[in-house]
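Quick note: residue numbers are just sequence positions, from 1. Predicted, not measured: the structure shown is a model, and the values here were computed from it.
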Amino acid sequence: MARGAGRLKIGFDAAADAVLKGAPIVLLASDASDRTIRNILRICDENDAKAVELSRTQAEIEKTVGRKFAVAAVCDENFAVLIEKQIGEA
């Protein structure tokens with residue numbers, strides 16, 4: 001839903017920029033590279049954004065979302081709350 005609403009920024013550069021602009025949560029694929037994880041965690045920490053590692057690989061994410069990614073930022077607080085709730089229930 002967040003992607004359809006244009007509130008999901010996919011890819012490292014887009015996600016990092018979104019966090020700098022106030023995105024509340026970043027999603028990481030379980031097979032994201034160590035360097036990507038380290039760099040996005042630093043950016044999230046510096047900007048009070050939450051980073052969540054998903055239990056799905058990039059290929060599994062592609063099947064669900066329709067787009068393959070290692071990192072994506074959710075730019076809407078309401079979507080972020082819904083996503084965190086869904087992750088917690090999984």
Side-chain angles (χ1 to χ4, degrees):
M1 288 191 317
R3 182 171 179 234
R7 306 303 292 160
L8 186 68
K9 302 300 179 186
I10 296 174
F12 182 87
D13 292 336
D17 186 52
V19 169
L20 294 175
K21 293 178 180 175
I25 189 171
V26 172
L27 307 173
L28 293 159
S30 62
D31 60 346
S33 74
D34 291 338
R35 181 178 178 190
T36 295
I37 292 169
R38 184 176 57 248
N39 288 335
I40 203 69
L41 288 177
R42 179 184 49 78
I43 293 167
C44 287
D45 186 50
E46 291 171 355
N47 293 280
D48 297 321
K50 183 173 184 177
V52 177
E53 185 174 345
L54 303 173
S55 61
R56 297 176 184 257
T57 65
Q58 294 177 54
E60 292 168 331
I61 290 169
E62 182 177 25
K63 289 178 185 175
T64 304
V65 179
R67 180 116 184 253
K68 184 177 177 179
F69 66 82
V71 61
V74 179
C75 300
D76 181 273
E77 187 67 40
N78 294 323
F79 282 128
V81 169
L82 289 172
I83 290 169
E84 283 188 275
K85 183 178 178 184
Q86 289 293 320
I87 292 169
E89 292 175 359

Exercise: identify the closest heavy-atom pair between [X] and [Y]:
| X | Y | result |
| --- | --- | --- |
| E60 | R56 | OE1-CA, 3.1 Å |
| V74 | A80 | CG1-N, 3.7 Å |
| A23 | A73 | CB-CB, 4.1 Å |
| A15 | K9 | CB-O, 4.1 Å |
| A29 | Q58 | CB-CG, 3.7 Å |
| R67 | I61 | O-CG2, 3.8 Å |

Within the side chain of D17, is there an N or O that forms a donor-acceptor pair under 3.5 Å with the backbone of D13?
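No, D17 side chain to D13 backbone: no donor-acceptor pair under 3.5 Å.
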
N47 side chain vs A49 backbone, donor-acceptor pair below 3.5 Å:
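No, because the side chain of N47 does not come within donor-acceptor range (under 3.5 Å) of the backbone of A49.
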
Can [Y] be reached from [X] by stepping across I, L, V, M, F, W or Y side chains whose heavy atoms are under 4.5 Å apart?
| X | Y | answer |
| --- | --- | --- |
| I43 | V71 | yes |
| L54 | V26 | no |
| I25 | L8 | yes |
| I40 | V65 | no |
| F12 | L28 | yes |

Are S30 and T57 close enough that some pair of their side-chain heavy atoms sits under 4.5 Å apart?
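In short, these two side chains touch, coming nearer than 4.5 Å.
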
Could you measure the distance from the CG atom of L27 to the CZ atom of F69? Nearest 0.5 Å is fine.
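Atom-to-atom, L27:CG and F69:CZ are 5.5 Å apart.
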
Yes or no on side-chain contact (heavy atoms from CB on, under 4.5 Å) for C44 and K50, after CA distance, side-chain angles and deciding distance?
CA-CA 6 Å; C44 287; K50 183 173 184 177; over 6 Å; no

Basic-acidic side-chain contact under 4.0 Å: D34, R38
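A salt bridge is absent here (no side-chain N lies under 4.0 Å from a carboxylate O).
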
